[in-house]
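First up is the structure itself, then whatever we jot down about it.
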There are 2 protein chains.
Amino acid sequence: MRDLESRVSDEHHQALKLWLRLLSCTTRVEGVIRNRLRAQFETSLARFDLLAQLEREPQGLRMSELSQRLMVTGANVTGLTDQLEAEGLVRRAAHPGDRRAFAVRLTSRGRRQFRRMATVHEEWVIELFSALGAKQKDSMYALLGDLKQHVTAVDGRAPSRRKANRAKEHAA
Amino acid sequence: MRDLESRVSDEHHQALKLWLRLLSCTTRVEGVIRNRLRAQFETSLARFDLLAQLEREPQGLRMSELSQRLMVTGANVTGLTDQLEAEGLVRRAAHPGDRRAFAVRLTSRGRRQFRRMATVHEEWVIELFSALGAKQKDSMYALLGDLKQHVTAVDGRAPSRRKANRAKEHAA
DNA sequence: TATTGTTATACTCTATAACTATA
DNA sequence: TATAGTTATAGAGTATAACAATA
C-alpha cells in the first residue's frame, strides 16, 4: 500500500518536474535566440518564421497559406507582412488567377537577409545544444517525438478548442 | 572530405531539428495548460505561477521577491497582484520592519483555490506526459539537465543582456 | 542616496469581429 | 453566398522611465 502510493506520488512528481524543466529549457533557449535576433538583426521570431516560410516557396504564398503555416490568424499575417514589406524584405505581388489574393514573395534583399539570419541562427542553435552529443540528441529527439504525438492527440480531443500556436517548423 | 562535411551538416541539421521539435512540444503542452487554466479557472499561467510562489511561503513575500522569483519586472508584479487581490486570492499585508514593503500572502480562499488548481494542473501534466514511461521521463529529465546548465551558462555570458523570462519553477 | 513599489506608457504577439473586394 | 484580405479593437504579457514614500 505504502509502496504503491509512494510510487504513484513519485511518478506524479516526476511528470511535473520534467515538465518544468522542459519549459525552463525551452524558455531559456527561446529567450537567447529572441534576444540575439533583436540585437543583431532587429527582428522577431514571428517575422523570422514568416521569412522562413517564404524562402522555401519562391513562387510565393497567399496570406491565407501563411496564416495556416504559421498557425496564426490572418489579421496577424497582415500585420507581420506590413512590417516586412515596409522593411523591403517582402513583396505582395498580384496573384495570377485570383484577384482577391496576393502571392507574397521574398524580395532579393529579403532573400539575402534571411539567408544571413538563418546561417547565424543555425550556429546559435548548434552552440546552444552543444552540451548534448549526437546520440543524446537523437535520444531526446525520439523521446520528444513520442511526447509530441501524444500531446497533439490530447489537444485535438480536448474540450477546449485548439488554439493557434506558432509553428516555427521553418527550417525543419 | 565529403564524409566530414556531411557529418557536420548532419549534426547541424540534427541540432536544428531537435530545437524545433523541443519548441513545438513545449508550445503545445503550454497551450493545452493555458487553455485549460482559462477555461476551467479563468486564470493565466502568470497568475498561477505567482500563487504557486506564495503557497510555499506562508509568511508572505515582498513584491521585489516575487519579481525576482518570477523573473519579471516589478511593474508586472504590481499588475498581477492587483488582479489577484481584486479576486480575493491574495492580500498585501503590512511588512513588519519595512514600511515601504508589503508581505504579499495568500488569503485562505486563495490557498484553497490554488490547491484546487494545482491538483488539476498536476493531473493534466501527468496525462500529457503519459506517453513516456518512468525510465523515459528520467532519461529526458537528465538530458534536459545537461542542456539547461549549458544554455544558462551561454545566456549568462552572452553579449546581449539577459532578459527576464518566466521562472515557472513553482511546484518543482 | 538607495530601495520599494506604483503609475504611465509602449511594444509584441495574439485574438475576434466587422468590413471590402472578388469569386 | 463564400473566400481573401484588411481594419479596428482588445487582451495578455512584457518592458522602460518617472515618481512617491521610506530606509
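Below, chain A is the first sequence line, B the second, and so on; all start at residue 1. Small disclaimer: the values here were computed from a predicted structure and weren't measured.
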Begin with the C-alpha distance, continue with both residues' side-chain angles, and end with the deciding distance and a verdict on side chain to side chain contact (heavy atoms under 4.5 Å, CB included) for A:L51 and A:M117.
CA-CA 10 Å; A:L51 294 178; A:M117 294 194 296; 3.5 Å; yes

To the nearest 0.5 Å, what is the distance between NE2 (A:H121) and CG (A:L45)?
7.0 Å

Whole-Å distance, B:L66 CG to D:dG13 C1', equals 16 Å

Does C:dT12 have its OP1 or OP2 closer than 4.0 Å to a side-chain nitrogen or oxygen of A:S44?
no

Could you tell me if the side chain of B:R47 sits less than 4.5 Å from the side chain of B:F41, heavy atoms only?
no

Using whole Å, report how far CG of B:L84 lies from P of D:dG13.
11 Å

For residues B:T78 and B:M63, report the shortest heavy-atom separation together with the two atoms involved.
CA-CE, 3.6 Å

Polar atoms only, N or O, under 3.5 Å: list the protein pairs with nucleotides 21-23 of chain D and their distances.
from: D:dA23; atom 1: OP1; to: B:R99; atom 2: N; distance (Å): 2.8
from: D:dA23; atom 1: OP2; to: B:R99; atom 2: NH2; distance (Å): 3.2

Nearest-nucleotide check on DNA chain C, A:R47 vs A:G74; residue mapping nearer the 5' end is A:R47

Where the side chain of B:R28 meets the backbone of A:T152, is there a donor-acceptor pair that is under 3.5 Å apart?
no

note: B:L37, atom CG; D:dG11, atom C1'; distance rounded to Å ~ 17 Å

Output the single nucleotide from D:dG13, D:dA8, C:dT6 whose closest atom is nearest the side chain of B:R92.
C:dT6

Euclidean distance, atom CZ of residue B:R38 to atom C1' of D:dG13 [Å, nearest integer]:
14 Å

Among D:dA4, C:dT4, D:dA17, which is the nearest nucleotide to the side chain of A:R62?
D:dA4

Side-chain N or O of B:S64 closer than 4.0 Å to phosphate OP1/OP2 of C:dG5
yes

When rounded to the nearest 0.5 angstrom, what is the spacing between CZ in A:F114 and CZ in A:R56?
9.0 Å

In whole angstrom, what separates A:F48's CZ from C:dT12's C1'?
18 Å

Whole Å only: how far is the CG atom of B:N76 from the P atom of C:dA8?
16 Å

Quick one: bend of the helix from C:dG5-D:dC19 to C:dA23-D:dT1 from 5 pairs per end, to 10°?
10°

What nucleotide among D:dA15, C:dT12, C:dA17 has an atom nearest to a side-chain atom of A:A75?
C:dA17

If you look at every strand shown and take non-hydrogen atoms under 4.0 Å, does B:T78 touch a base, only sugar-phosphate, or nothing?
base

Given salt bridge (charged side-chain N to carboxylate O under 4.0 Å, His left out), test B:E57 with B:R69 step by step and report yes or no.
CA-CA 12 Å; B:E57 304 287 350; B:R69 295 195 184 198; 3.2 Å; yes

Can a side-chain donor-acceptor contact be found between B:R92 and B:T81 if the only test is distance below 3.5 angstrom?
no

Regarding A:T119 and A:R115, do their side chains bring together a donor and an acceptor under 3.5 Å, going by distance alone?
no

B:E127/B:R36 ion pair, N-O < 4.0 Å
yes

Starting at the 5' end of DNA chain D, which residue's closest nucleotide do you reach first, B:L80 or A:L61?
A:L61

Rounding to an integer number of Å, can you tell me how far A:Q68 CD sits from D:dA4 P?
8 Å

With respect to the side chain of A:A46, which nucleotide from D:dA15, C:dC13, C:dT16 is positioned closest?
C:dC13

Value in whole Å for how far the C1' atom of D:dA12 lies from CD of B:Q83:
9 Å

Out of D:dA4, C:dG5, C:dA15, whichever nucleotide has its closest atom nearest the side chain of A:V72
C:dA15

Check whether any side-chain N or O of B:T73 sits under 4.0 Å from OP1 or OP2 of D:dT14, and answer yes or no.
no

